[in-house]
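To start, the structure under review is shown below, and the notes come after it.
Quick caveat, the model's predicted, so the values are computed rather than measured.
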Amino acid sequence: MSYMNEKLLKPYDPKNTEERIYKLWEESGFFNPDNLPGERKEAFTIIMPPANANGSLHAGHGLVMTIEDIIVRYKRMQGFKTLWLPGLDHAGFETQVVYEKQLEKEGRTRFGMDPELLYKEILNFTLTNSANIKSQIKQMGASCDWSREKFTLDDDIIKIVYQTFKRMYADDLIYRGNRIVSWCSKHQTSFSDLEIKDEERMDSLYYLKYGPFVIATSRPETKFGDKYVVMHPDDKRYQDYQDGQKIDLEWINGPITATIIKDEAIDMEFGTGVMTITPWHDNADFEIAERHKLDKEQIIDEFGKLLPVAGEFAGQHIKKARALIIEKLQTKGLVEKIEENYKHVVRTCYKCGTVIEPQIKSQWFVRMKPLAEKALEKINSEEIKYIPEHYKKITTYWLENIMDWNISRQIVWGIPIPAKICTKCGHGMVDLENKITKCTSCSGEVIKDNDTFDTWFSSGQWPYVVLGYPDNKDFKTFYPTNVMETAGDLVFFWVARMIMLGIYITDKIPFKTIYMHGMVLDAKGQKMSKSKGNVINPLTLTEKYGTDAFRIGMVVGNTPGTSLSLSEDKIRGYKNFANKIWNATRFVLDNTKDFIVPEVIEYDEEDKKSDEELKALMQEITKEMDEYKFYIVAEKLYHYFWHTFADVVIERSKKKILENQNANSAKTLLYTQLTTLLVALHPFIPFVTEEIWSMLPDKKNLLLVEKWPS
RNA sequence: GCGCGGUUAGCUCAGUUGGUAGAGCAACCCGUUUACACCGGGAAGGUCGCAGGUUCGAGUCCUGCACCGCGCACCA
């Protein structure tokens, strides 16, 4: 029984294997590139997208951990000084939203809460969750270097982020501006253009009499302060009216004086070709007002209620006010007609669906054009490679049309913006040391900026901050990193910004290859959501079928970028695969007892053919691994193991061994093919393969660091 | 409106410079033989969304259309 392990007599049991094997790996220290055996000159680095510490591991995380672990294990076996750096994300707004929901359940609200207390509560919540998430990442078999783990609120991270803020301000890439921003009246914060979701809605389009004109609007509740009426300069219908001409007219709450403005932004085809503008609450109107230096007046407050300018409607919420306003306009005879079922797009908060109310606010903005131009250069010159390639097109389009980035958020959960604001002139000053006491522009009184950074402003710097830019040895060894693997919906939010900020600060691209995976959907191809009740928890699957089965099931047939339907049947199928390997091993070990693979191998003809076949396969898959085609490699290995190694090689060996005809050839082939396949399969299904490896009589080292055949 | 992706066996999806269509799962028939019933053997299953074009030859290249999914800074 010397070569046979008793465990092999029972079916493979992931539960009694995985935790033990993971511990073995961790204790070996090989997750840390500094401890890897042999001489390793070339580094290979992946920075893990920091996991949101506001819930449990979901199927998407499962995919991230699987793909990245496959890459990292492969590279480690190939002899690279391999680093996979894990991290956790405080996830600013996202986490605050999750926590606010929890508060709501408890009958509490963040408004009126002491900000410091709220911060502490969310911090506790986050730390509890991080511990959870961390152990779940380990359950997925992630071979990342926990000794280098980072959290987005670590002191050293914040320090570097602050330096960046200061430098960008000095370089005039950051400015404080009084500009129109997207405001969510539920969450009480402004957003960048990316936190907005366009939604098609059916509303009414109201045609209102405005003096001698008729204007079309879908938002009559904003019209109280409208005192500019705008038309296209070339519009013949209105050629008798002059730019700047004043007209007296009767409006919602009485007589007003309106001014005529001619502007080319007007679409002559739409409505009547005439509109009034509300610069405080509409992007296009704001632009027109800026061009003509017109007055801007706030009509709606931050909570969506009408201000005193609305007269008798003041204090009412806009949702309720609309109908009442139209009613009043109708009694005054100012409604020309109402077009029902008017289809248009409204901008909503991506989290709660509340209609975004543009507001003019003083905030910090990043001037994006110069940053985007440099990024475009690198992307267009192929210094950065996108997988799949079409993400490149999407990115360049976005970069070419980029808008300035509002990085101020009116929430407590995040990195505080280290700045002072002048109460007199509104001037903003970066103040890392908290020293400024007077406005540097007008000597007025200053207050601390109470806002926090958009979480992506700090995450956008992740690759170089986690490696300790600028002086840390790790930064010199592991930057630029090799692969950034993340979800496709983060192309703009995160990936593009990392490229821009990375180039700006380090003068180098932060990563050479971008691998984007698609969304994980349920078995029917539908988006998972709590409300639909179709959420699949990866941990239930790993518990039922083993982590290996889950991992390879996630990968086979899953081309990068396309979404993946996760079905339990598929995972179950790969559980059988793990067991198949297990049983094949039993057969091989049982038949190679007291047998030593000879130094000079002599195969008979058919065995020689099989030997060559596997060698050719290994070459093929090595190439495909380098091309990140894991979906093909996994399938090929599965297929070869089951339908060639087990069905042909093993079956054929039975007769030879029994009849002692070319038995040595058969035994040699059995043993070498098994070991080769274990090596090749290890990145995909690390637990079973490592467990079996430990049972092989001549393998003393961990499979984790076994050399990949090339 | 513009852009991107998809449409291949019942289901989920592969198909790498154009050369007779593939896998897994499911369904069907048969079977217990040095591992494995979490198994083996066998058979079945597709006018590759539609219409044109290029070519000796198109799932693959070009044009147009349809449907599904996703994204996008200014139409009130």
Tell me: [atom1] of [X] to [atom2] of [N], nearest whole Å?
X: A:K656; N: B:A35; atom1: NZ; atom2: P; value: 18 Å
X: A:M519; N: B:G69; atom1: CE; atom2: C1'; value: 9 Å
X: A:M516; N: B:G5; atom1: CE; atom2: P; value: 16 Å
X: A:H517; N: B:G5; atom1: NE2; atom2: P; value: 19 Å
X: A:L589; N: B:C36; atom1: CG; atom2: P; value: 14 Å
X: A:L564; N: B:A14; atom1: CG; atom2: P; value: 10 Å
X: A:R572; N: B:C11; atom1: CZ; atom2: P; value: 19 Å
X: A:N558; N: B:G15; atom1: CG; atom2: C1'; value: 16 Å

Mark yes or no for whether [X], through its side chain, and [Y], through its backbone, hold a donor-acceptor pair below 3.5 Å.
X: A:Q619; Y: A:A616; result: no
X: A:K570; Y: A:V556; result: yes
X: A:T585; Y: A:L8; result: no

Which listed nucleotide ([options]) is nearest to the side chain of [X]?
X: A:H390; options: B:G5, B:A14, B:A35; answer: B:G5
X: A:K580; options: B:C38, B:C39, B:U34; answer: B:C39
X: A:D647; options: B:C4, B:G41, B:U12; answer: B:G41
X: A:N576; options: B:A35, B:U12, B:C39; answer: B:C39
X: A:T559; options: B:A35, B:C13, B:A73; answer: B:C13
X: A:W642; options: B:A14, B:G40, B:A73; answer: B:G40
X: A:K629; options: B:C39, B:C36, B:U16; answer: B:U16

[N] pairs with, by Watson-Crick or G-U criteria that keep both distances under 3.5 Å:
N: B:A37; result: none
N: B:A9; result: none
N: B:A27; result: none
N: B:A44; result: none
N: B:A51; result: B:U63
N: B:C56; result: B:G19
N: B:G3; result: B:C70

Just checking [X]: base, sugar-phosphate only, or nothing, at a heavy-atom cut-off of under 4.0 Å?
X: A:I215; answer: nothing
X: A:H281; answer: nothing
X: A:K654; answer: base
X: A:A578; answer: nothing
X: A:Y638; answer: sugar-phosphate
X: A:F577; answer: nothing

Integer angstrom distance from the [atom1] of [N] to that of [M]:
N: B:C2; M: B:G59; atom1: C1'; value: 29 Å
N: B:C72; M: B:U12; atom1: P; value: 27 Å
N: B:A21; M: B:C67; atom1: P; value: 31 Å
N: B:C61; M: B:U17; atom1: C1'; value: 12 Å
N: B:C68; M: B:A27; atom1: P; value: 32 Å
N: B:A14; M: B:U54; atom1: P; value: 31 Å
N: B:A43; M: B:G5; atom1: C1'; value: 37 Å
N: B:C48; M: B:U60; atom1: C1'; value: 10 Å

For the residue pair [Y] / [X], report whether a side-chain donor-acceptor contact shorter than 3.5 Å exists.
X: A:Q673; Y: A:S610; result: no
X: A:D404; Y: A:Y175; result: yes
X: A:E543; Y: A:T540; result: no
X: A:E568; Y: A:Y545; result: yes

Under 3.5 Å, which protein N or O atoms sit close to an N or O of nucleotides 74-76 of chain B? Give each pair with its distance.
residue: B:C75; atom: O2; partner: A:D267; partner atom: OD2; Å: 2.5
residue: B:A76; atom: OP2; partner: A:Y342; partner atom: OH; Å: 2.7
residue: B:A76; atom: N6; partner: A:D267; partner atom: O; Å: 2.7
residue: B:A76; atom: N6; partner: A:F270; partner atom: O; Å: 3.1
residue: B:A76; atom: N1; partner: A:D267; partner atom: N; Å: 3.3

B:A35 base to A:E651 side chain: any donor-acceptor pair below 3.5 Å? yes
Check this for me: does the side-chain of A:N591 come within 3.5 Å of the base of B:U34 through a donor and an acceptor? yes
Can you confirm if the aromatic rings of A:Y241 and A:F213 lie within a centre distance of less than 6.0 Å? yes
Below 4.0 angstrom from OP1 or OP2 of B:C11, is there any side-chain N or O of A:S567? no
Can a side chain N or O of A:H643 be found less than 4.0 Å away from OP1 or OP2 on B:G41? no
Stacked cation flag A:K197 on A:Y350, 6.0 angstrom / 45 deg: no
On the six-membered ring of A:F645, is A:K580 placed so that its NZ or CZ lies under 6.0 angstrom from the centre and within 45° of the ring axis? no
Could you grab the distance from atom CG of A:L681 to atom CZ of A:F577, nearest 0.5 Å is fine? 5.0 Å
Using the closest heavy atom to pick a nucleotide of RNA chain B for each, name whichever of A:L194 or A:I632 lands nearer the 5' end. A:I632
Assign each of A:N401 and A:K527 to its nearest nucleotide of RNA chain B by heavy atoms, then name whichever residue's nucleotide is nearer the 5' end. A:K527
